[in-house]
Novice: 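First the structure, then my questions, so here it is.
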Amino acid sequence: MKRIVLTLMGIIAFAGAACAQNYIVVDSEKIFKSIASYNEAIKTLDELAESYQKQVDDKFADVEKLYNNYMAQKSNLSDKSRQTIENAILSREEDAAKFQESLFGTDGTLMKKRIEMIQPIQNRVFKAIEEYAAANNYDLVLDTASNPTILFYSAAADHTDAIIALLK
């Protein structure tokens with residue numbers, strides 16, 4: 001009876017150890033940074049974001065200038081003039097906020113450009129990872145770049161360089 005139990009425990013332990021080896025670890029950030037077109041796209045997007053931010057800052061600076069002029073002249077204006085100028089300032093501020101949202105919002109120009117430029121590269125990388133895993137019979141791929149809870153992994157489990165070589 002003891003032999004049967006020990007044999008079964010050994011088989012279960014061996015099967016568990018064999019199944020545990022069907023995973024790899026990759027660093028998607030390192031993979032993306034190894035692709036020249038990705039780095040160029042990120043640089044272009046950063047420059048575009050900086051340009052857009054300057055445009056937004058200019059619009060808000062205009063609103064602030066209008067407000068400061070209004071505050072300087074407020075005591076000399078009639079109630080009707082004050083109300084008209086206050087409405088104009090609020091309207092300009094609202095327009096500036098809408099402009100900012102149109103550029104930086106979730107459906108904004110910058111997000112659309114990011115999807116247009118980055119998504120094809122991401123698809124290529126993810127497809128390469130999937131093909132590599134399928135070709136080498138791996139059941140699970142862990143990404144160390146996007147999973148901060150991985151505390152340790154063996155260098156033998158890291159196949160980032162193999163994926164980079166596959167992409168080149």
Side-chain angles (χ1 to χ4, degrees), residues 23-133 138 140-155 157-168:
Y23 70 92
I24 59 172
V25 176
V26 298
D27 183 349
S28 63
E29 186 175 336
K30 182 178 176 183
I31 294 170
F32 283 119
K33 287 183 178 181
S34 75
I35 300 172
S37 59
Y38 177 81
N39 293 323
E40 291 169 15
I42 292 296
K43 183 180 177 190
T44 301
L45 289 169
D46 287 346
E47 290 169 356
L48 197 56
E50 190 176 309
S51 168
Y52 288 165
Q53 186 61 51
K54 184 179 179 339
Q55 292 174 28
V56 169
D57 290 345
D58 289 346
K59 285 195 177 284
F60 279 109
D62 289 343
V63 171
E64 187 173 349
K65 184 178 176 183
L66 279 173
Y67 178 75
N68 290 336
N69 287 341
Y70 166 70
M71 292 305 288
Q73 298 173 356
K74 185 177 180 180
S75 60
N76 298 332
L77 298 172
S78 67
D79 287 341
K80 188 173 182 174
S81 294
R82 276 189 244 159
Q83 188 63 39
T84 303
I85 294 172
E86 286 174 4
N87 289 340
I89 292 170
L90 289 173
S91 176
R92 282 251 180 112
E93 186 174 26
E94 190 176 297
D95 289 344
K98 285 180 182 176
F99 180 70
Q100 182 178 27
E101 181 68 22
S102 76
L103 294 177
F104 294 108
T106 54
D107 292 328
T109 306
L110 188 62
M111 183 57 76
K112 289 176 184 173
K113 191 70 171 173
R114 180 175 294 280
I115 289 169
E116 174 188 321
M117 295 178 80
I118 300 293
Q119 196 167 34
I121 299 167
Q122 284 179 330
N123 291 343
R124 193 172 126 225
V125 168
F126 295 152
K127 187 174 188 225
I129 292 171
E130 185 179 331
E131 288 174 357
Y132 181 84
Y138 292 113
L140 177 67
V141 178
L142 299 172
D143 185 3
T144 59
S146 62
N147 191 349
T149 58
I150 294 177
L151 300 177
F152 173 79
Y153 63 91
S154 168
D158 190 344
H159 290 249
T160 303
D161 293 331
I163 303 295
I164 291 172
L166 183 65
L167 286 165
K168 293 189 181 212

Novice: Can you see which heavy atom on A157 is nearest to which on Y23, and at what distance?
Specialist: CB-CE1, 4.1 Å
Novice: Contact between D161 and K30 at the side-chain level, heavy atoms closer than 4.5 Å - yes or no?
Specialist: yes
Novice: Let me see the working for L45 and K113 under side chain to side chain contact (heavy atoms under 4.5 Å, CB included), right down to the final yes or no.
Specialist: CA-CA 8 Å; L45 289 169; K113 191 70 171 173; 3.8 Å; yes
Novice: Within a radius of less than 6.0 Å around CD of E86, do more than 12 heavy atoms belonging to other residues, nucleotides or ligands occur?
Specialist: yes
Novice: Under the 3.5 angstrom rule, does the side chain of S102 hit a backbone N or O of F99 as a donor-acceptor pair?
Specialist: yes
Novice: Which word best sums up how the rings of F32 and F126 line up, parallel for under 30°, tilted for 30 to 60°, or perpendicular for over 60°?
Specialist: perpendicular
Novice: Could you give the distance from CG (D143) to CG (D27), rounded to the nearest 0.5 Å?
Specialist: 6.5 Å
Novice: Taking atom CG of L77 and atom OG1 of T84, what is their separation to the nearest 0.5 Å?
Specialist: 9.5 Å
Novice: Working to the nearest 0.5 Å, report the span between CG of L167 and CD1 of I121.
Specialist: 11.0 Å
Novice: Quick one: are E93 and Y67 in side-chain contact, heavy atoms under 4.5 Å?
Specialist: no
Novice: Working note: V125 + Q122, criterion side chain to side chain contact (heavy atoms under 4.5 Å, CB included); need CA distance, chi angles, decisive distance, verdict.
Specialist: CA-CA 5 Å; V125 168; Q122 284 179 330; 5.8 Å; no
Novice: Taking CZ in R82 as the centre, count heavy atoms belonging to other residues, nucleotides or ligands within less than 6.0 Å. Is the count above 12?
Specialist: yes
Novice: Is there a side-chain contact between Q55 and D58, using heavy atoms and a 4.5 Å cut-off?
Specialist: no
Novice: Walk me through it: do D95 and K59 pass the test side chain to side chain contact (heavy atoms under 4.5 Å, CB included)?
Specialist: CA-CA 9 Å; D95 289 344; K59 285 195 177 284; over 6 Å; no
Novice: Contact between F104 and V56 at the side-chain level, heavy atoms closer than 4.5 Å - yes or no?
Specialist: yes
Novice: Measuring only between side-chain heavy atoms, which start at C-beta, is L103 closer than 4.5 Å to L110?
Specialist: no
Novice: If you round to the nearest 0.5 Å, how far is CG of D62 from CZ of R92?
Specialist: 6.5 Å
Novice: Can D57 and K54 be counted as an ion pair, charged N to O under 4.0 angstrom?
Specialist: no
Novice: Decide yes or no for T144 and T160: does some side-chain heavy atom of the first lie under 4.5 Å from some side-chain heavy atom of the second?
Specialist: no
Novice: Is the number of heavy atoms from other residues, nucleotides or ligands within 6.0 Å of CD (E47) greater than 12?
Specialist: yes
Novice: Rounded to the nearest 0.5 Å, how far does CD of E101 lie from OG1 of T109?
Specialist: 10.5 Å
Novice: With a sphere of 6.0 Å drawn around CD of Q53, does it hold more than 12 non-hydrogen atoms of other residues, nucleotides or ligands?
Specialist: yes
Novice: Is it true that the side chains of Q83 and N87 contain a donor and an acceptor less than 3.5 Å apart?
Specialist: yes
Novice: Kindly give the heavy-atom pair with the smallest separation between Y138 and H159, and that separation in Å.
Specialist: OH-CE1, 3.3 Å
Novice: So L48 and Y52, do their side chains get closer than 4.5 Å, heavy atoms only?
Specialist: yes
Novice: Could you tell me if the side chain of I42 sits less than 4.5 Å from the side chain of I118, heavy atoms only?
Specialist: yes
Novice: Does a salt bridge link E116 with K112, judged by any charged N lying under 4.0 Å from a carboxylate O?
Specialist: no
Novice: Quick check for you: to the nearest 0.5 Å, what is the distance between Y70 atom OH and I85 atom CD1?
Specialist: 7.0 Å
